[in-house]
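Below, chains carry the letters A, B, ... as their sequence lines are ordered, and counting in each starts from 1. No experiment lies behind these values; they were computed from the predicted model shown.
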There are 2 protein chains.
Amino acid sequence: MDLETLAKRLDSLGNVTRLSVFRALVRAGRDGAPVGYLQRRLGVPGSTLSHHLRKLIEVGLVTQERQATTLICRADFEAMNETLGFLGNECCRDLPLCAAGAEEDDRRDVA
Amino acid sequence: MDLETLAKRLDSLGNVTRLSVFRALVRAGRDGAPVGYLQRRLGVPGSTLSHHLRKLIEVGLVTQERQATTLICRADFEAMNETLGFLGNECCRDLPLCAAGAEEDDRRDVA
DNA sequence: GCGGTATTTCTAGATTTACCGAAATACAAG
DNA sequence: CTTGTATTTCGGTAAATCTAGAAATACCGC
C-alpha cells in the first residue's frame with residue numbers, strides 16, 4: 001500500500017457520517033447490514049448515504065453484495081487491518097521510542 | 001475521544017501532503033524537525049506547508065515549539081497512539097472475528 | 001535599530017466536498 | 001406487466017479545501 005492509498009482511506013474515514021457508517025458495519029460483523037438498515041439507524045437521507053458509501057467502497061474499506069432488492073454492505077476487515085497496520089508501522093503504535101528504529105526502512109521513497 | 005474528534009484526526013491525515021509531513025515528523029522522533037526541514041524535504045511551498053501544519057496542530061497530532069527563529073515541529077505520539085487505539089477498538093484490529101464481541105459495548109450511543 | 005533568516009498570514013482562484021430532493025433504476029411478487 | 005420496496009443517479013447549491021505568491025511578522029546578531 002502506498003501513501004496515496006493510505007491517505008485516501010484515512011480521508012474516507014475522516015468524516016463523521018462515513019465513520020459512523022463504517023463503525024456500524026464493523027459492529028454488524030461478517031454478516032454485514034443492508035443500506036436501509038444504515039439509513040434508519042443513522043438517520044441519513046438515502047442519497048447522502050449512497051454518496052458516502054460509494055467513497056468507502058472506492059477505497060476498499062467496504063464491499064456490497066446484492067441480495068434481491070437489498071444491498072448488503074460489509075466492512076472489509078482485512079483492508080482495515082492492513083490500513084491500521086500500515087499506519088501503525090509509520091507511526092509507531094504504542095512504542096513512541098521506536099522512531100529511531102523506524103528510520104531503518106526509510107531509504108526507499110522521497111516523502 | 002468522541003467520533004467527531006476521531007474523524008477530524010483521520011481527516012487531517014487523509015491528505016498526501018499532510019500524511020507525508022506527519023510521517024517525516026514521526027521519523028524525526030522525539031526531537032522533532034524544523035518547518036524549514038520539512039519544506040526542503042517535501043518540496044512544498046512555505047505557505048502551503050504552514051497551512052497543512054496548522055491542520056495537524058489543530059487536531060492535536062503535531063505540536064510546535066519555538067527555538068529562536070526556527071519552529072520545531074513534533075509528532076504527538078501519545079495523541080497518535082490514542083487515535084490508533086480508538087480506531088482499533090472500533091474496528092477490531094487483527095481480530096476480524098471480534099465483531100460479535102464488540103457489540104457488547106454498543107448499547108450506549110446512537111450512531 | 002538594521003539586515004537576514006524563518007515562518008506565518010493574507011488573498012484569491014480552482015477544485016472538491018457535503019448535502020439532499022426528485023427522478024430513475026433494480027428487482028421480486030403477484 | 002404492474003405494483004411496491006430498495007437503492008442509486010441526477011442536478012444544483014453552499015461550504016470547505018488546496019494551492020501558492022506576496023506581504024507581514026518573529027527573532028537573532030551586529
Using a cut-off of 4.0 Å on non-hydrogen atoms, how would the nucleic acid contact of B/R18 be classed: base, sugar-phosphate, or nothing?
sugar-phosphate
Check whether any side-chain N or O of B/S50 sits under 4.0 Å from OP1 or OP2 of C/dT8, and answer yes or no.
yes
Separation of A/E65 atom CD from C/dA26 atom C1', in whole Å?
16 Å
Pair up each side-chain donor or acceptor in residues 57-73 of chain B with any protein partner under 3.5 Å, not counting sequence neighbours, and list the distances.
unit_1, atom_1, unit_2, atom_2, d
B/E65, OE1, B/R74, NH1, 2.8
B/E65, OE1, B/R74, NH2, 3.3
B/R66, NE, B/A68, O, 3.1
B/T70, OG1, B/Q67, O, 3.3

Criterion side-chain contact (heavy atoms from CB on, under 4.5 Å) on B/L6 and B/D2, from CA distance to verdict:
CA-CA 6 Å; B/L6 179 58; B/D2 59 355; over 6 Å; no
Please tabulate the protein-to-nucleotide N/O contacts below 3.5 Å involving nucleotides 20-22 of chain C, giving atom names and distances.
unit_1, atom_1, unit_2, atom_2, d
C/dC20, OP2, A/T48, OG1, 3.4
C/dG21, N7, A/S47, OG, 3.2
C/dG21, O6, A/S47, OG, 3.2

Is any side-chain nitrogen or oxygen of A/N15 closer than 4.0 Å to OP1 or OP2 of C/dT17?
no
Closest non-hydrogen contact found for B/V35 with B/L49 is O-CD2, 3.5 Å
What closest approach, in Å, do B/L3 and A/S20 show between heavy atoms, and which atom pair accounts for it?
CD1-OG, 3.5 Å
Got a second to check how far A/K8's NZ is from B/N15's CG, nearest 0.5 Å?
12.0 Å
To the nearest Å, how far apart are B/Q39 CD and C/dT8 C1'?
11 Å
Which whole-number value in Å describes the distance from B/E58 CD to C/dT9 P?
11 Å
Terminal contacting nucleotides, 5' and 3', DNA chain D versus chain A (heavy atom, 4.0 Å)
D/dA6 to D/dT9
Shortest non-hydrogen contact from B/L13 toward B/L19
O-CB, 3.6 Å
Is it true that A/R9 and A/E82 have a side-chain N and a carboxylate O under 4.0 angstrom from each other?
yes
Can A/V16 be reached from A/L38 by stepping across I, L, V, M, F, W or Y side chains whose heavy atoms are under 4.5 Å apart?
no
At 4.0 Å (heavy atoms only), tell me whether A/G46 reaches a base, stays on the sugar-phosphate, or touches nothing.
base
Length of the line joining A/L13:CG and C/dA18:P, which is rounded to integer Å:
12 Å
Between A/H52 and A/Q67, whichever has its closest DNA chain C nucleotide further toward 5' is A/H52
With rounding to the nearest 0.5 Å, note down the distance linking CD in A/E4 to CG in A/D11.
11.0 Å
Distance in angstrom units between B/I72 CD1 and C/dA6 C1', rounded:
11 Å
